Amino acid sequence: MLDPHLFRSELEFVQAQLKRRAIDFDADFYTDLENRRKAIQVKTQELQNERNLSSKAIGQAKAKGEDVQPLLDQVQGLGEQLKVAETGLTQIQAQMKDLMEGLPNILDAAVPEGNDEDDNVEISRWGEVPEFDFEIKDHVDLGALHKGMDFEVAAKITSARFVALKGSIARLQRAIIQFMLDTHADEHGYAETYVPYIVNADSLYGTGQLPKFADDLFKVSVDPDLYLIPTAEVPVTNIVRNEIIDHAQMPVKMVCHTPCFRSEAGAYGKDVRGLIRQHQFEKVELVQVVKASESEQAHEELTNHAENILKKLKLPYRKVLLCSGDTGFSSTKTYDLEVWLPGQDTYREISSCSNFKDFQARRLKARWRNPETGKPELVHTLNGSGLAAGRTLVAVMENYQTTEGNINIPEVLQPYMGGIKVVKLS
RNA sequence: GGAGAGGUGGCUGAGCGGCCGAAAGCGGCGGUCUUGAAAACCGUUGAGGGUUUAUCCCCUCCCAGGGUUCGAAUCCCUGCCUCUCCGCCA
């Protein structure tokens, strides 16, 4: 949610910024609504004040043993007026909330203009794209060859867009997850975190998935409304919802591995082959809660932490700054890390690192206490995949394949694989 | 799943339908004292919002949502959560 004060003081700026998101914000409609809100709110509060004063007077008169009937006659009808005013206020506030919560975050000045992923800007490349002197296989074929990746059986158990992993391939994914968790916890200073995989609507509202993106979620319960998490971002960031964090606890840095569940409604026909786009996948997520003045630096650091995993795995990747049209709803600025996938002969997203500034914090009512002023201030929240484990599995399999169809194990993963250096065909 | 108890400020914990945004203690902050610190003493200290240049003033919030009332932390209803006991259970 954007700052309402910004709308009142700098409406034209807001309008211009939303235009970058291809949103035609109706300033006249807003101004009219805001003026009505102001009038109704002032009126309501005046009536409330009148009621409070009258009631107090009645109380005092009663204490003195005076006749209160004249006073009671005086307030007759006030209740009805107040009810009308309060109802009106509630309505217009709800209307404004609907309007406001449908608006995306304001983009950082550095975000390039553009319509879609084709307009994203490459920042850097790392590593050498491997050259193979044999006919390479993609992860689906490799997985089948190793009898470790079975889409058919998952379809039988559940439906399309699920997978069953077995043997060394399953272990390799687990090794990747453990390696990532250990690296972020031990080297990058994140607190390992475990959270529920099912969340309530308030949490999804807090991080911005609701009310706008309900179609992307799996709902598992009605009354109360509960959903499977689409990312660990939701439960982990919501740890600070409605909290005022002591300054000594700042910055809050958490790392968390969870499965993620996405209905991917409307994504059919897009990238269907293999593990790339699934209803359920494993991800290690980095979340930071920082002071406003530190979020831009934290964004760079968090992205570096994710990059560090790719470097340690010696997987070639590139870093991309998303353009205005491709940056997510809640984000001010997002870097994507794209890993090289030989099977697709291209770079594919494996991490997305975003700075939400105070957009989520305002919805979450997540604050920290500034010792200099003694007052609570909204925090800035950030998160990034560190990394998507399923896609990392794909990347390792495809980049480390050998002519025999074996898969070499990156050195950093070997301790997690019982010391073996290669997964051989049995 | 069954039975009971309870949800009040950063924490502990009082609170009769009006004098309660709320005692007291702890903690925090400022000060006195001290070479410094501790102790003691004094003062101060919740959040959100409206109006305003600002001060002032006003509104809302005692788990959440409804209700009763001129007036609700306090009474009533519903929900959620926590704790204790029993049952079941990885």
Side-chain angles (χ1 to χ4, degrees), chain A residues 1-10 30-31 33-97 99-101 194-206 210 220-227 235 238-250 252 289 358-379:
Chain A
M1 182 114 84
L2 292 167
D3 184 358
H5 295 105
L6 202 61
F7 283 76
R8 293 178 209 167
S9 57
E10 300 185 56
Y30 167 83
T31 305
L33 208 57
E34 167 63 12
N35 288 338
R36 275 162 51 211
R37 185 229 102 219
K38 197 185 281 187
I40 295 175
Q41 183 158 351
V42 169
K43 178 79 193 296
T44 305
Q45 293 189 354
E46 278 172 1
L47 288 169
Q48 283 171 332
N49 183 227
E50 199 178 329
R51 176 204 60 196
N52 291 345
L53 291 175
S54 306
S55 297
K56 196 159 264 185
I58 291 169
Q60 283 165 352
K62 224 171 190 173
K64 287 187 215 154
E66 295 169 4
D67 180 18
V68 295
Q69 195 53 46
L71 287 166
L72 284 174
D73 292 342
Q74 218 173 3
V75 295
Q76 214 200 358
L78 187 65
E80 204 48 46
Q81 274 185 69
L82 190 56
K83 200 157 211 167
V84 170
E86 281 175 342
T87 305
L89 183 61
T90 306
Q91 270 173 6
I92 199 154
Q93 279 174 336
Q95 216 176 336
M96 294 205 78
K97 186 163 171 267
L99 178 70
M100 298 293 281
E101 69 190 7
Y194 174 83
V195 290
Y197 301 159
I198 294 175
V199 293
N200 58 36
D202 286 344
S203 293
L204 287 157
Y205 176 81
L210 287 180
V220 291
S221 156
V222 175
D223 193 28
D225 289 342
L226 297 175
Y227 304 80
N238 271 278
I239 289 173
V240 299
R241 170 152 55 92
N242 288 329
E243 298 289 336
I244 299 175
I245 304 163
D246 190 87
H247 73 276
Q249 307 299 314
M250 301 283 284
V252 180
V289 178
D358 62 11
F359 189 85
Q360 291 181 329
R362 188 167 291 108
R363 291 172 164 235
L364 292 162
K365 294 188 178 63
R367 294 156 294 170
W368 71 288
R369 193 176 297 279
N370 186 340
E372 286 172 24
T373 59
K375 292 293 169 192
E377 297 175 11
L378 289 175
V379 298

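Here is the naming used below: chain letters follow the sequence lines, and residue numbers restart at 1 for every chain. Owing to the predicted nature of the structure, the values given are computational and were not obtained by experimental measurement.
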Validation: residues 243-250 of chain A side-chain donor-acceptor distances under 3.5 Å, sequence neighbours left out:
{"unit_1": "A:Asp246", "atom_1": "OD2", "unit_2": "A:Ala248", "atom_2": "N", "d": "3.0"}

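At least one side-chain heavy atom of A:Glu34 sits under 4.5 Å from a side-chain heavy atom of A:Arg37. The side-chain heavy atoms of A:Arg51 and A:Val75, taken from C-beta on, include no pair separated by under 4.5 Å. Proximity of A:Val195 to A:Ile239: side-chain heavy atoms (C-beta onward) are separated by under 4.5 Å at one or more points. Between A:Pro376 and A:Lys365 there is no side-chain heavy-atom pair separated by less than 4.5 Å.
The gap from the C1' atom of B:C62 to that of B:G2 amounts to 32 Å, rounded to the nearest Å. Taking atom P in both B:C59 and B:C20, the straight-line distance is 16 Å, to the nearest Å. With both ends at atom C1', the span from B:G15 to B:U32 equals 34 Å, rounded to whole Å. With C1' as the reference atom, B:G66 and B:G9 are 25 Å apart, rounded to whole Å. Distance check on atom P: B:A3 versus B:G10 gives 36 Å, rounded to whole Å. Taking atom C1' in both B:A23 and B:C16, one finds a spacing of 14 Å when rounded to whole Å. B:C11 and B:C63 are spaced 13 Å apart, taking the P atom of each and rounding to whole Å. B:C61 and B:G21 are spaced 11 Å apart, taking the P atom of each and rounding to whole Å.
Counting any heavy atom pair closer than 4.0 Å across all strands shown, A:His247 reaches no nucleic acid atom. A:Arg8 comes within 4.0 angstrom of the backbone, heavy atoms only, and of no base. Here A:Asp246 lies out of heavy-atom contact (under 4.0 Å) with every strand. Counting any heavy atom pair closer than 4.0 Å across all strands shown, A:Pro376 reaches sugar-phosphate atoms only and no base atom.
Base pairing of B:G71 is not made with any nucleotide, judged by Watson-Crick or G-U wobble geometry with both donor-acceptor distances under 3.5 Å. The base-pairing partner of B:G9, taking Watson-Crick or G-U wobble contacts with both distances under 3.5 Å, does not exist among the strands shown. Using N1 to N3 plus N6-O4 or O6-N4 for Watson-Crick, or N1-O2 and O6-N3 for G-U wobble, each under 3.5 Å, B:C19 pairs with nothing. Across all strands shown, B:U34 forms no Watson-Crick or G-U wobble pair with both key distances under 3.5 Å. Searching all strands for a Watson-Crick or G-U wobble partner of B:G1 with both distances below 3.5 Å returns B:C86. Pairing partner, B:G27: B:U45, with both Watson-Crick or wobble hydrogen-bond distances short of 3.5 Å.
Note that the first and last nucleotides of RNA chain B, 5' to 3', having any atom under 4.0 angstrom from a heavy atom of chain A are B:G18 to B:G71.
We find that A:Glu86 and A:Lys83 are not joined by a salt bridge, their nearest charged nitrogen and carboxylate oxygen being 4.0 Å or further apart.
Under a cut-off of 6.0 angstrom, the local environment of CD in A:Glu80 is sparse, with at most 12 non-hydrogen atoms contributed by other residues, nucleotides or ligands.
Each of A:Asn49 and A:Arg369 has a nearest nucleotide on RNA chain B; the 5'-most of these lies closest to A:Arg369. The residue among A:Lys375 and A:Leu53 whose nearest nucleotide of RNA chain B is located toward the 5' end is A:Lys375.
Nearest heavy atom pair, residue A:Pro4 against residue A:Tyr30, reads O-OH, 4.1 Å. What you find for A:Asn238 and A:Ser203 is that their closest heavy atoms are ND2-O, 2.8 Å. The two atoms that bring A:Asp202 and A:Arg241 nearest to each other are CB-NH1, 3.6 Å, heavy atoms only.
For residues 34-43 of chain A, proximity to RNA chain B is found at A:Arg37, A:Lys38, A:Gln41, A:Val42, defined as any non-hydrogen atom under 4.0 angstrom from a strand atom.
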